[in-house]
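Structure first, then comments.
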Amino acid sequence: LALDYQDGRLSLDGLSLEALAADFGTPLYVYSQAAMIDAAQQVDTALAGPTPHLVCYALKANPSLAVIQTFARLGLGADVTSGGELFRALRAGVPAAKVVFSGVGKTPAELRAALDSGIRALHVETEGELAALNAIAGELGRPAPIALRINPDVDPHTHPKIATGMSENKFGLPWGEVLRIVEDIRKMPGLRLVGLSMHIGSQITRLDGFQEAARLVASLAADLLSAGVALEYLDFGGGIGVRYADETPPSPAEWAGALRAVLGDLPLGLLAEPGRSLVAGSGVLITRVTGIKRTPAKTFVILDAAMNDLIRPMLYDAYHSIDPVLQRPGAPVEPVDIVGPVCETTDTFARGRDLPLPEPGDLLAIRQVGAYGMSMASNYNSRPRAAEVMITADGAALPIRDRETYDDLVRGERLLP
Ligand SMILES: Cc1ncc(COP(=O)(O)O)c(C=O)c1O
């Protein structure tokens, strides 16, 4: 990612963040399309092997249409977890045949929409969904392609709030019950079992959990193949970590290479569903300092961005580095709390962070926010959501989402008569 200081001014892919803030206002998400393309190509190249493969970008990390389009134009598919994400994937031009639909609580309307549009497969996580899908497939007169999401009961060594593949998590079907469930599926003529999938968590920085889980899923697949099930693919999920502070995650290429190795010579296609690792590093959130408040206990740097724009620090104690957009040589470096204006004590991006003391009006850049930033933004405190700009691979600053207006805030609401 080309995020660096040029003559004391922070710039992304050669464009000054100060100039972008002047043009588009703050808070502002800015993404490097080149960084997204680079991350996607690394995974795609490393997954290549003797059998077909498909990278299904997990939309939840950043579902903006221009981001999805960026990946779709590289040939990637999509992993969606709601009818809304399915709508976005199709709207952005992802072919339905490259979409997989995961999730523990799909509604009948979502199941029907997915089958209707002809997606690659529904990834089933509850036994109840099998019967529902079988019935809908019967009505539509065409079989439903499904994969079973396996819960391998493996510790991914990540933050407990983003672990998904342990037995106490709500996700996936317990691995020990898969062979029995497959026997049940044989009795449901509307279902066509085409794959097995897993996804053990997010922001994982070690390969061992992935490998352990993938080996288990691969061995289940081998059993099913010998029992005559016409499996087509294994989907090893997403979850690869990125460097926010001092983590040392495997590279996307190392991760993908390790998964390809686990597949060995099984005659199956290989899918993966990375989200964070394709977009996290591509984004910065530019925000303006609105005030400095000194109390006997602390110094607070107050921003125009808040937890409604970027909730990761408040939700997961996540660390994001925060840097001045214009360097202030000689500014005293002090430990400060960097906070937003929302009426919650938790509306704090960093506590006791050493920062060259800014002045009101200065711009700061919060780094590594391309994933689970804008996608988790809300209107809490009736704050319009931020605008988004993409710096395209050929160096243009392209607005990809307008800043919301106050009218947007009340759209769909009705006054009492
Ligand atoms: C089923 C599924 N696939 C893929 C992902 C993407 O994970 P990540 O962004 O960590 O790569 C998630 C995220 O939690 C998920 O639930």
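Note that ligands are numbered from 1 as they come in the structure, with each ligand's atoms numbered from 1 the same way. Predicted model only: the values in this text are computed from it and were never measured. Only heavy atoms go into these numbers, but all of them, side chains included; no hydrogens, no water, no symmetry mates. Residues: numbered from 1 along the sequence shown.
The proximity of Ser202 to ligand 1, defined as any non-hydrogen pair under 4.0 Å, involves the side chain as well as the backbone. Only the side chain of Tyr372 comes within 4.0 Å of ligand 1, judged by heavy-atom distances. Counting heavy atoms under 4.0 Å from ligand 1, residue His123 does not touch it at all. With a 4.0 Å heavy-atom cut-off, ligand 1 is reached by the side chain of His199 but not by its N, CA, C or O.
Salt bridge status for Arg411 with Asp407: absent, with no side-chain N to carboxylate O gap under 4.0 Å.
Scanning both residues, Gly361 and Arg288, for their nearest heavy atoms gives O-NH1, 2.8 Å.
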Audit row: Thr51, Arg260, side-chain hydrogen bond (donor to acceptor under 3.5 Å, both in side chains) steps and yes/no: CA-CA 10 Å; Thr51 60; Arg260 175 53 84 178; 2.7 Å; yes

Evaluation steps, side-chain hydrogen bond (donor to acceptor under 3.5 Å, both in side chains), between Asn62 and Tyr31: CA-CA 11 Å; Asn62 187 328; Tyr31 307 118; 3.3 Å; yes

Intermediate values then yes/no, side-chain hydrogen bond (donor to acceptor under 3.5 Å, both in side chains), Arg276 and Ser202: CA-CA 8 Å; Arg276 185 191 309 273; Ser202 197; 2.8 Å; yes

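When each atom of ligand 1 is checked for a heavy atom of Arg149 under 4.0 Å away, the hits are 1 (C). The contact set between ligand 1 and Ala58, taken as ligand atoms under 4.0 Å from a residue heavy atom, comprises 4 (C), 5 (C), 6 (C). Listed by number with element, the atoms of ligand 1 under 4.0 Å from a non-hydrogen atom of Ser102 are 1 (C). Proximity to Gly238 (heavy-atom distance under 4.0 Å) selects the following atoms of ligand 1: 11 (O). Each of the following atoms of ligand 1 lies closer than 4.0 Å to a heavy atom of Arg276: 8 (P), 9 (O), 11 (O). Proximity to Pro274 (heavy-atom distance under 4.0 Å) selects the following atoms of ligand 1: 11 (O).
A heavy-atom separation below 4.0 Å is not found between Gly237 and ligand 1. Using a 4.0 Å heavy-atom cutoff, Ser277 is absent from the residues neighbouring ligand 1.
Relative ring orientation between Phe210 and Trp255 is described as perpendicular, the plane-to-plane angle rising above 60° on a 0-90° scale split at 30° and 60°. Taking the six-membered ring for Trp and thresholds of 30 and 60 degrees, Tyr233 and His123 have ring planes inclined between 30 and 60 degrees apart.
Looking only at distances, a side-chain donor or acceptor of Asp347 sits under 3.5 Å from a matching main-chain atom of Met307.
Among protein heavy atoms, the minimum distance from atom 3 (N) of ligand 1 is reached at Glu273 OE1, 2.5 Å. With respect to atom 8 (P) of ligand 1, the closest heavy atom belonging to the protein is Gly239 N, 3.5 Å.
At least one N or O atom of Gly275 sits closer than 3.5 Å to an N or O atom of ligand 1. The shortest N or O to N or O distance between Lys60 and ligand 1 is below 3.5 Å.
At least one side-chain heavy atom of Pro250 sits less than 4.5 Å from a side-chain heavy atom of Ile240.
Cation-pi geometry between Arg312 and Tyr244 is met: under 6.0 angstrom from the ring centre, within 45 degrees of the axis.
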